[in-house]
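Letters go in sequence order (proteins before strands), and every chain restarts at 1.
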There are 2 protein chains.
Amino acid sequence: MANIHDVARVAGVSISTVSYALSGKRSIAATTRRRIDDAVRELDYRANAGARMLKGSRTNILALSAPLHAGTDTPAHMTFVLAVVTAARSFDYDVLLLTQDEATSGLRRVARSSLVDGIVLLDVSTTDERTQLVRELGLPASVIGIPGDADGLVCVDLDFEEAAVMAVRRLADLGHREIGLIGQAPAIYQRGSNFPPRFRDAFAAEAERLGLVTAFTPAAEDSAGVRAAVDRISATLPGMTGLVLHSNEPVQSMILELLNQRGVRVPHDLSVISACSSFDTNHLNPPLDVIPLPADRSCTRAIELTMAQLEGTVDPHVELIEPAYVELGSTSPQRSR
Amino acid sequence: MANIHDVARVAGVSISTVSYALSGKRSIAATTRRRIDDAVRELDYRANAGARMLKGSRTNILALSAPLHAGTDTPAHMTFVLAVVTAARSFDYDVLLLTQDEATSGLRRVARSSLVDGIVLLDVSTTDERTQLVRELGLPASVIGIPGDADGLVCVDLDFEEAAVMAVRRLADLGHREIGLIGQAPAIYQRGSNFPPRFRDAFAAEAERLGLVTAFTPAAEDSAGVRAAVDRISATLPGMTGLVLHSNEPVQSMILELLNQRGVRVPHDLSVISACSSFDTNHLNPPLDVIPLPADRSCTRAIELTMAQLEGTVDPHVELIEPAYVELGSTSPQRSR
DNA sequence: GCGGATTGTCGAAACGTTTCGATTACGGTG
DNA sequence: CACCGTAATCGAAACGTTTCGACAATCCGC
C-alpha cells in the first residue's frame, strides 16, 4: 500500500509538504499542490489510519453501544442505528458497533485502548450500567434517551412527556372525555426501558389535570395479545371515544384491523392517534394522526453534541426535542350524545 | 491515559518485557509477570489501538457493508448484523458498520487507509458493484449471499436451492400434486436481491421434475397485498393443497390469519411450510413447519473464512449451508378425494 | 568445572503520520 | 540599498507499540 513517502517521491517534494498539502494547514504553491494531487491520484493514496490515530490524537471513530433486547421493536432500533451512522459520517466519523453483551464491556475496551474518540448510547434503561461507565471513562459521549440518573451526561431525546400532553390535549380539544392508551409490550415496561413509562405517566397526569377519564393497558405483540389489550381497554372504559397508540407498527396495524372487524369506524366512532412512531402511518388503514419519533433529528443532534464535546464547548445537560403533531384525518370532534 | 512506558516503570522492567509479557511471545519469569500484571491492573492499561495498528499489520477491525434497502425485512437484516458482530468478537475483532450510500464508497475508504483487516458483505444483489470493488481491494472478504458473479470471491449462504427442493419433496412425499409458493414483495425481485429468485426457480424446477402443478406469486407487505396474493394463487390453482411461504414474519402471520378467516384449516385442508425464515415459527398460529435460515451459522462461517483468508489458508469458493427441515405439525398427507 | 543450550531481559529500530522550528527566496517599505 | 515580513518548503522529532538481535545468568550432562 502506498504511503506518504511514495507520494512525496513521485511528486518530488518532502513528506511534510505532502502532509501540509493534504491537510491544508499551511499554504502550498499551486503548482506543487497539483503535482501532489496527481501523485495521490496515481497511487490511490490514503493516509494510514493507524499512524494518523497515533500521531494526531483523533481516531475519527465513534463507538455505538446498541444492545437489542427481546421485545424491542427491531425496525425502530435499526432506524436509530442507521441515523447515527449517517450523522457520524457527515462529520467524517466512522462507527464501531457494539451490541449485546459487548454493549458495556466493549465500551470499556475500545475506550481504554483509545480506539474511539466518543461514545453514543442507544436504548438506555432507567437504571443502566452504561451510564456510570461512561462517566468513568471521561470520553465525549451522548445518550439517546433519558436514563434515571442523567447527572453529568449529555442526553438527547424526543420530549415524550410533551408528546403525551399533546395527544391528550388534542383529544380533549375535540371534546373527548374518556380516552385510552395502548402501550408497549409488558416485557418492555418490566425491563425498564426509559421512554414508555415517561409517556404513560405524562399521559395520565395531563388527562387528570383536564378532568378526563383514562385507561391504560400494555399490549403483547402477537394477535392474541392485541385482541386481549383491546378487549381490556373497552371493558375498562366502555364510553371511550379517543385512543392513543404507543406501540410498534405491526401492533398498531393489528389494532386497526380489529377495530374494523368490530365495526368501529375511525374517526367516526373513535378518534385514534399514533404516538411517537418511527414509521409512516400513511401506510396504515386508515392513516393515523401521528406525533412522529424523529430518529434522524435525535441522532443528528447526539452526534453534533458529541462533536461539540470533542471541542470542549459543551457541558452535561438534557436536551429534549419538541414533538410535532401531524394530522392525517384519524381524529374528529366528539359527537354530542 | 497510561501507556506501556508507565507500566514498565511501575513494574520496574523495560517496555519490551512488558510487551512480551502481554503477548506471551517470549517466556517471562513468573515473578516478573506478576509485577507486570499488577501494574497493568493498577493503571488499567490497554495497548493503544493506533500504535498497535501501525506497528503490527493487524487492526483487528472488520468492515461490515450492510445497506438496508426499501423492502428488506429489517428484523432479518438486523439478525445478520448482530450475528456478524458476535462472530467477529469471538475472534477479538471489532466491526465498523458501513450502511446506505457508504456501503460501497466507505468500503474503499476504510480499506485504502488500512483501517480494517477484512470485509463482510451483506445483502448482495445479483449484480452488485461491491463485488468488483472487493476484488480490486484485494483484502480478505466474505460475502453472505451469492452474487451473480462470484468468481474470485469467498461466499457463504444457505443452500436456497436445496431448501426449495426439500420443501417441494416434503409436499410431494405427502401426496400433494398442486402446490403454491408465495414469495417476497415484488420490489425485492426487481431490485435483484440474490436469494429470492434462487428459491423460486429451484422450487419450480423440482416441482416440474416431480410432475407437480405449481403457481407462484410475490406478496406486497401490507394486508391488501397479502390478500391479493392469496386470492391470486387460489384463482390460479383452485386445487392447491400445499403452500410454501417464502416471506417475512408479518406477511406469514397475515396469510395464516386470512386462511383462518376463510375457513381453510392448516394442515387439514392445506399443508403449509415456512421456508428460509429467520424468525421462530412457533409464534405463528398454527406453528409452521420450517426450513430455518440460520443467520448465526452463515455469519459465523463467513467470519471464520475471513480469518482463514488472513492466514492465507483459503481460496475463493462458494460454500452452501445444508438446510434442515423442522416439523411442527403444519403438513399432513393429502386426503384421498 | 567446562562448553553449550536455555531462559529472561534489555536496547533500539521501525511502522506512517503530523507538526514545530528553521531555512530560503522574494517583493515591498522607508 | 538595507530591512522586514511573508510564502513555500524542508528536516527532524514525536506518537506507542512490536519485534529483532544481543547479552547475561542459569542449568545440564559429562
Side-chain angles (χ1 to χ4, degrees), chain A residues 1-37 39-40 43-61 92 94 109-117 310, chain B residues 1-40 43-61 92 109-117 310:
Chain A
M1 193 94 28
N3 63 23
I4 198 170
H5 290 95
D6 300 325
V7 176
R9 191 166 27 72
V10 170
V13 295
S14 74
I15 62 162
S16 52
T17 304
V18 175
S19 182
Y20 284 122
L22 293 179
S23 70
K25 293 192 178 175
R26 283 197 186 173
S27 51
I28 298 288
T31 62
T32 310
R33 161 160 287 140
R34 245 238 322 272
R35 269 184 300 138
I36 292 175
D37 286 349
V40 165
L43 299 171
D44 194 12
Y45 167 76
R46 275 198 166 269
N48 178 285
R52 174 171 272 178
M53 285 187 199
L54 179 55
K55 179 54 191 169
S57 37
R58 292 281 176 89
T59 70
N60 276 43
I61 303 181
D92 200 26
D94 275 301
R109 182 171 50 76
V110 299
R112 294 296 310 175
S113 62
S114 302
L115 177 51
V116 300
D117 293 338
L310 280 166
Chain B
M1 195 96 25
N3 63 22
I4 199 171
H5 290 95
D6 300 326
V7 176
R9 191 167 26 74
V10 170
V13 295
S14 74
I15 62 163
S16 51
T17 304
V18 174
S19 181
Y20 284 122
L22 293 179
S23 70
K25 294 192 178 174
R26 283 196 187 174
S27 52
I28 298 288
T31 62
T32 311
R33 161 161 286 141
R34 246 241 320 275
R35 271 185 299 138
I36 292 176
D37 286 349
D38 288 349
V40 165
L43 299 171
D44 194 12
Y45 167 76
R46 273 194 167 274
N48 179 285
R52 173 170 274 177
M53 286 187 199
L54 178 55
K55 180 54 191 168
S57 36
R58 291 282 176 91
T59 70
N60 276 48
I61 302 180
D92 199 26
R109 182 171 49 77
V110 300
R112 294 296 311 174
S113 62
S114 301
L115 177 51
V116 301
D117 293 338
L310 280 166

Describe the nucleic acid contact of B/Thr32 in one word from base, sugar-phosphate, nothing, applying a heavy-atom distance below 4.0 Å. sugar-phosphate

In whole Å, what is the span from the CZ atom of B/Arg9 to the C1' atom of C/dT9? 19 Å

Which of D/dC15, C/dC10, D/dT17 is nearest the side chain of A/Lys55? It is D/dC15

Start at the 5' end of DNA chain C and walk down; is the nucleotide closest to B/Tyr20 or to A/Arg46 reached first? B/Tyr20

Just compare D/dT9, D/dG11, C/dT18 and give me whichever is closest to any side-chain atom of A/Ala29. D/dT9

Please work out if A/Ile28 contacts a base, only the sugar-phosphate, or nothing of the nucleic acid, heavy-atom cut-off 4.0 Å. sugar-phosphate

Please report the distance, rounded to the nearest Å, between CZ in A/Arg58 and P in C/dT19. 11 Å

Where the side chain of B/Leu54 is concerned, which of C/dC10, C/dT17, D/dG16 is the nearest nucleotide? D/dG16

Give the nucleotide from the list C/dT17, D/dG11, D/dG16 with an atom nearest to the side chain of A/Ser14. D/dG11

Considering only D/dT9, D/dT17, C/dT17, which nucleotide approaches the side chain of B/Tyr45 most closely? D/dT17

Could you tell me whether the phosphate oxygens of C/dG16, OP1 or OP2, come under 4.0 Å of any side-chain nitrogen or oxygen in A/Asn48? no

Nearest whole angstrom, please: distance from the P of C/dC15 to the NE2 of A/His5. 9 Å

Rounding to a whole Å, what distance do you find between A/Ile4:CD1 and D/dA12:C1'? 14 Å

A/Leu22 CG - D/dA8 P separation (whole Å): 16 Å

Residue met sooner reading DNA chain D from 5', once B/Lys25 and B/Gly50 are mapped to nucleotides: B/Gly50

Which of these nucleotides, C/dG8, D/dA8, C/dC10, is closest to any side-chain atom of B/Ser27? C/dG8

Name the residue from A/Ile15, A/Val40, A/Asn48 that meets the side chain to side chain contact (heavy atoms under 4.5 Å, CB included) definition with A/Ile4. A/Ile15

Less than 4.0 angstrom between a side-chain N/O of B/Ser19 and OP1 or OP2 of D/dT17, yes or no? no

Taking for each residue the nucleotide of DNA chain C bearing the nearest heavy atom, is the 5' side occupied by B/Thr17 or by B/Ala51? B/Thr17

Can you find an N or O donor on one side and an acceptor on the other, under 3.5 Å apart, linking the side chain of B/Arg26 with the base of C/dT9? yes

Within this structure, what is the CG-to-P distance between B/Asn3 and D/dC15, rounded to whole angstrom? 9 Å

Less than 4.0 angstrom from a charged side-chain N to a carboxylate O is my criterion; do A/Arg34 and A/Asp37 meet it? no

Nearest-Å distance, CG (B/Asn60) to P (D/dT18)? 11 Å

Please tell me whether B/Ser16 and B/Ser19 have a donor and an acceptor in their side chains that are separated by less than 3.5 angstrom. no

Which value, rounded to the nearest 0.5 Å, describes the distance between A/Arg33 atom CZ and A/Leu22 atom CG? 9.0 Å

C/dG16 C1' sits how many Å from A/Leu43 CG, rounded? 15 Å

Inspect the contact between B/Arg35 and B/Asp38 and indicate whether a charged nitrogen and a carboxylate oxygen are less than 4.0 angstrom apart. no

Just by distance, do the side chain of A/Thr59 and the backbone of A/Met53 share a donor-acceptor pair under 3.5 Å? no

